[in-house]
Number of protein chains: 2
Amino acid sequence: MDTIYRKIRQTGGRITAVRREIIAVLHRSSCLMSGAEVAAALKKRGLRPDRSTIFRALSFLAEQGIAVRKSIAGTDYFEIPRRRHDHLVCVHCKSIEKIAVNSELARQERKIAARKKFEVTHHSLEFYGYCKNCRG
Amino acid sequence: MDTIYRKIRQTGGRITAVRREIIAVLHRSSCLMSGAEVAAALKKRGLRPDRSTIFRALSFLAEQGIAVRKSIAGTDYFEIPRRRHDHLVCVHCKSIEKIAVNSELARQERKIAARKKFEVTHHSLEFYGYCKNCRG
DNA sequence: ATATTTGCAAACGTTTTGCATAGTG
DNA sequence: CACTATGCAAAACGTTTGCAAATAT
């Protein structure tokens, strides 16, 4: 957390109330959140920044490599990655659930980097389908 | 290919020129294509359907389980899945390259289905980073 | 003091919709 | 013939931008 603040200051960035709270929200959730979900979480904490400010902050965090951005079903989701994990996405109710990571992936990532001369920064693995409540 | 036509007719759907060509285009490419890319490919074949028609056709194919839809960097991509494969996405030039699949994934998919009572219809695995041309 | 971040309003690109017309089976 | 798919125009959606005012360092 302090590591994040240091990283931001290092490049001339500033720790504002909005950024501090967004980082806190993402850090606590430790799972994907959309811009709208972040906005809702901030509201509960008494902050109502403009949508553009939220998106700017999230884009900023993604550019800094602090957060990761993933597009799912037409909207952008963000998270501050901690332990490696992936997601189950219900195509019916749109719920997103975190699942334990495939440990093979880390190994494969390295193979790809070598074989394809591709520098992997992050990955995105989602299983789509019907969740417990929506199937049948 | 005929299997696809049969599947469409089975539910009262109709084989129109636009649908036939979109299926052909997706089938030949056998990799992710955006709505705009599909439109360009159709243009080369002498067809200029409205954007809405293209999106309706692609959504239709996805609903029928014939094509798969994936959101990458804010736009929707479609493909008719043949052999399992995944993608390398360059965050700089936005290029998308197909890669051989991690065969472990199929196994993990089954485990998840059982453990989480989640019915997996398809998955999406992308490695993000810098391609050969864009790194450095 | 200076450079960065914010709010506002407006633009953007992609995807979706309503409705009358054209086309398929 | 009955029903499905298309074109058009317009809206919806999430995201991005320009600029002047506010804020962090």
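Proteins get letters first, then strands, A, B, ... in listed order; numbering begins at 1 in each. Values reported hereafter were calculated over all heavy atoms of this structure, with side chains retained and with hydrogens, waters and symmetry mates removed. As the structure is a prediction and not an experimental result, all values here were calculated from the model.
- Applying the salt bridge (Lys or Arg N to Asp or Glu O under 4.0 Å) criterion to B:R84, with sequence neighbours excluded, gives B:E109.
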Acceptor/donor pairs from residues 46-55 of chain B side chains to any protein atom, 3.5 angstrom cut, sequence neighbours excluded:
{"unit_1": "B:D50", "atom_1": "OD2", "unit_2": "B:S52", "atom_2": "N", "d": "3.0"}
{"unit_1": "B:D50", "atom_1": "OD2", "unit_2": "B:S52", "atom_2": "OG", "d": "2.7"}

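- When the salt bridge (Lys or Arg N to Asp or Glu O under 4.0 Å) test is applied to A:R9, no partner is found at least two apart in sequence or on another chain.
- The list of side-chain hydrogen bond (donor to acceptor under 3.5 Å, both in side chains) pairs with a residue in residues 17-26 of chain A, not counting sequence neighbours, reads A:E21-A:R45.
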statement: Nucleotide by nucleotide, nucleotides 15-25 of chain C touches protein heavy atoms under 4.0 Å in the pattern (B base, S sugar-phosphate only, - none) BBBB----BBS

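- The distance between atom CD1 of B:I72 and atom P of C:dT14, rounded to the nearest whole Å, is 15 Å.
- As a member of the Ile/Leu/Val/Met/Phe/Trp/Tyr network built from side-chain separations under 4.5 Å, A:V68 groups with nothing else and remains a singleton.
- Taking B:D76 as the reference, B:R69 meet the salt bridge (Lys or Arg N to Asp or Glu O under 4.0 Å) condition, with sequence neighbours excluded.
- B:E37 has its CD atom 11 Å from the P atom of C:dT14, to the nearest Å.
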Result block: side-chain N/O donor-acceptor pairs under 3.5 angstrom for residues 111-121 of chain A, not counting sequence neighbours:
{"unit_1": "A:K116", "atom_1": "NZ", "unit_2": "B:E97", "atom_2": "OE2", "d": "3.0"}
{"unit_1": "A:T121", "atom_1": "OG1", "unit_2": "B:Y128", "atom_2": "O", "d": "3.2"}

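- Considering only residues two or more places apart in sequence or on other chains, A:R82 meets the side-chain contact (heavy atoms from CB on, under 4.5 Å) condition with A:H27, A:S30.
- Inter-axis angle, ends of the helix from C:dA1-D:dT25 to C:dG25-D:dC1, five pairs per end, rounded to 10 degrees: 50°.
- Residues passing the side-chain contact (heavy atoms from CB on, under 4.5 Å) test with B:A41 are B:V25, B:M33, sequence neighbours excluded.
- A donor and an acceptor atom, one from each side chain of A:H123 and A:Q108, are nowhere located under 3.5 Å apart.
- Running 5' to 3' along DNA chain D, contacts with non-hydrogen atoms of chain A at under 4.0 Å begin and end at D:dG14 to D:dT25.
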